[in-house]
Undergrad: 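Dropping the structure in here first, questions after.
Atoms within a ligand are numbered from 1 in the order they appear, just like the ligands themselves.
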Amino acid sequence: MERRRFLQLAAVAGLGAVASPGDLFAQYRFLAPVKVANPLLDYPNRDWERIYRDIYRTDRTFTFLCAPNDTHNCLLRGFVKNNVMVRIEPTYGYGKAADLGGHRASARWDPRCCQKGLVLGRRLYGDRRVKGAFVRKGFKEWVEGGFPRDPATGRAPAELMKRGWDSFVKVSFEEAYALHAKALDNIVRAYSGEPGARYLRAQGYDPAMVDAVEGAGVRTTKFRGGMAKLGATRIVGTYRFANMMALLDAHVRGVAPAQAKGGGAWYSYSWHTDLPPGHPMVHGDQTSDFELFDAENANLLLVWGMNWITTKMPDSHWMTEARLRGTKVVVVTVEYSATANKGDEVIVIRPGTDPAFALGLAQVIMTERLYDASFVKRFTDLPRLVRLDTLAPLMARDVFAGHRDAPLANWTSVLPKGAPVPPAPEQNGMRIPEDLQPLFGDFVMWDARGNRPVAVARDQLGDRFAATGLDPALEGTFEVPLADGTTVQARPVFDLTRQYLAETWTPAATAKVTWAPAEAIVALARDIARQGGKTLFAVGMGPNQFFNNDLKDRAIFLVAALTGSIGKMGGNVGSYAGNYRLSLFAGVPRYAAEDPFNVQMAPAGPVTVRNYQRYESLHYYAAGEVIHREGAKQFTEGPHVPTPTKSIWLTNSNSQIANTKYHYNVVFNTLPRQECVAINEWWWSGSCEYADIVYGVDSWMELKYPDMTASNTNPFLQVFPRTPLRRNFPTVSDLDTYAGVAAELAKLTGDERFRRYWAFVADNRVEVYLQRILDGSAPTRGYDFRDLEALAAQGIPALMNSRTYPRTFSWEQVHESKPWYTKTGRLEFYRGEPEFLEAGENLVVYREPVDSTFYDPNVLVARPHPAIRPTTPEQYGFARTKRDWSARQGRNVIVTPDELLGTQHPLLPAGYAAVFHTPKYRHGSHTTPIDTDI
Ligand code: SF4
């Protein structure tokens, strides 16, 4: 109908009384309905459907693995037409996965994909693909000009180092490799020995950082494969290259292999705020976690700072299905997220106050005596005595004259000095170096039954402790006679903790600090205690972004341990941020740290592992290549001290330059101090803009060498199969770039060992390296990589050979009474090391966030307590009123909850109106909001 005619009709209809509906529709001619008795026989011509069939018809399909750092990893099927991938679907092969024992995965893992994976074609053919190799013009001139340097400082000419403002020159990959190799060689030479140290001092680096170079310029070359587990050979290869740099050091300094040093290796886990540092403080291992399908084994699922629905896309159904099966879901969050609205209950807290909230829960559980005393006594250090004079834990050798520590025999053995460490799959239990053995000695509890101090060995936990018949006191102050004839007062960790919580973290105080209603705190604590150890604490990355995140995890573990929710199916603590669990591939050192002086050329021959790399945290780099000093105190010490950075090679990472916190300072002040920045990318990222060399590499859909990965959230061993999809652009494998630069170093030095180090890349036999990793990893030993790749090509992964499905951290400890990886063998809630005592964090306490707050930053919140006696700013040599970025990180000032609420962040009087929690935009999807209005 014409629009004019329609309007006329509408106008008439609007008059109502003038025209009836019959009048209006009389002008239409109604068609009689078609009657078809049997549509299969009589259906009209369907030729028109052919056009759709033609559009969607494809020539072939292939399988590839999608594996960003989202912890999922999905084998996907690509559909190809005219050599163009036009569509992606899930493979539906997950339900067919099996382990070596024949255990099968549930069909409920299928379909495995998400909307992002299904549109990867947009990335594959996107206009930001890096097509070839590029070198920055000024960098090229610097290399080709023979590396001119300022004679006094050694600095490269500033006009040639205009990174980000300069243009790029497209070169062949071979030319890029040659320029890169020459730059590495020159940088290592320039910064070696005393002349190199003089340059670094003249450039203004902290003397401690210059000392950390130890005269080896190779230590100023830094390498980082971002989230390395996402490519056991491709990305870990960056670290293998760092190890190989020991060959260059040997040439430059003329040292023997035993004295040679490798490059610096930046690690990702802590940098991405994925690492929950409170975990190793409690149980001694990197991270405690459970695979997400454990959700339905829980009575209560506490989703804490984790946006499960949004960030765990193919595994979000485990949470919603658990709820259908009767699991209660409580979401602790800072905003009304997609996960919050799936919970039975939602508790919204002030960002960064997670440790206080957990301590508030623990307070209710302790005060109302809702804790599982048996679990506490058998599995934790809470009954352990702490002496009140020094605040050190009492050791049996201090108390009992002539005491000799019990041998370490429970799943533990002592590694004699100089003895080789056996390969991981042959280590049935822990190995403690002989030198460290005294630290693992017997400790002391107060036996309530015998009313006396007793020695307890590290081996004695769980059933082994129960067998001793001891009944340790959890509360009280005891006069303990010492072996030297003196007497000391001592209290159990439980009692010291109880006092702190009872006096500081009442529900009312917790509510004021965290904004959670006091009734919700009490109700949740009682709910957790009611579950009989079947509460799952699924903790996300959001709260990890606050400076107090170690205390957050120590406090959450305290709640879990008090209620026995550890090491059980449906009862455990997990941290979910990034794909960190490289420990599933314990054989990786056979690849990443193969001795470059002794390369194994026989595919199945034994590999000599020798680590020449030096690990460094990226935080110092991001903070401007500084270490932390304040007053007379040097906070950054020992192996934490980074070296100056002169060369960078990044693969699979955009988080260090483009997406870094403190981005402006990194780009304008820190990056100009580097002389060579190389990036491997398949998508032109912000980091590429600031690089000297950009290598365009293959996407997952174009891999010409296979690779392998796995995850912390699911049980699958995943292979990236080689794909038949032709390369769409001039790209190479990441592995080709390492081999290419190594070959150029071989030419420069005349040392063929550089080339040999990558021989199986050059021969297109990368599976040799992958098989070595499989053979060296307990959960994968027994698999043949060729079988895994053949299955992956059909869309079917394998299962990790885990002890349990779901894999359950602490299973052996809780069910078999094996020790945790701690000094006491127990879950530890007291840290008696000097740095913890100095910080006032020997007990699990609360500190206000260092930045994300409108109160006094980083203050300790506690009422006066006999065991919280930190070193004060005055003792460090600076005023407590000093609150700049440096001072507030090391400032130990104690306030009560009410005093805290009366304080102000130093920027508030200047008119600031919002707290900016994180400038990393990607964290906006990770369970924490970007800002909070004041
Ligand atoms: S969930 Fe992650 S791995 Fe799976 S398809 Fe989506 S983006 Fe890829």
Undergrad: Where is the nearest protein heavy atom to atom 1 (S) of ligand 1: which residue, which atom, and how far?
TA: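 I find the closest protein heavy atom is P314 CD, 3.4 Å.
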Undergrad: Heavy atom under 4.0 Å from ligand 1: found in L120's side chain, backbone, both, or neither?
TA: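 The answer is neither; L120 stays 4.0 Å or more away.
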Undergrad: Going by the angle between their ring planes, with limits at 30° and 60°, are F716 and Y94 parallel, tilted or perpendicular?
TA: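 It falls in the perpendicular class, over 60°.
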Undergrad: If you count the atoms of ligand 1 from 1 in the order shown, which ones are under 4.0 Å from a heavy atom of C74?
TA: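 The list of qualifying atoms is 1 (S), 3 (S), 4 (Fe), 5 (S).
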Undergrad: Determine, for D698 against K704, whether the closest basic-nitrogen to carboxylate-oxygen distance falls under 4.0 angstrom.
TA: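 No, this pair does not count.
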Undergrad: Should you measure from each heavy atom of G117, which atoms of ligand 1 turn up under 4.0 Å away?
TA: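 Here the atoms of ligand 1 in question are 5 (S), 6 (Fe).
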Undergrad: Students should be able to answer this: which protein heavy-atom is nearest to atom 6 (Fe) of ligand 1, and at what distance?
TA: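 The protein heavy atom lying closest is C114 SG, 2.3 Å.
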Undergrad: Considering only heavy atoms of D70, which atoms of ligand 1 have at least one such atom less than 4.0 Å away?
TA: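 Reading through ligand 1 atom by atom, the close ones are 1 (S), 2 (Fe), 3 (S), 7 (S).
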Undergrad: Would you name the heavy atoms of A98 and R104 that are closest together and state the gap between them?
TA: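 Where A98 meets R104 most closely, the heavy atoms are CB-CD, 3.8 Å.
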Undergrad: For the pair R57 and D54, find out whether any cationic side-chain nitrogen is under 4.0 Å from an anionic carboxylate oxygen.
TA: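 So R57 pairs with D54 through a salt bridge.
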Undergrad: Between D294 and R807, is the closest basic N to carboxylate O distance under 4.0 Å?
TA: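 Answer for the salt bridge query: no.
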Undergrad: Report yes or no: does C113 have an N/O/S atom closer than 2.8 Å to atom 4 (Fe) of ligand 1?
TA: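 False for C113.
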Undergrad: Got an N, O or S from C66 under 2.8 Å of atom 8 (Fe) of ligand 1?
TA: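 Yes, within the cut-off.
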Undergrad: Answer with yes or no after comparing the ring centroid distance for W266 and W649 against a 6.0 Å cut-off, counting only values under it.
TA: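 Judged by ring-centre distance (under 6.0 Å), W266 and W649 do not meet the cut-off.
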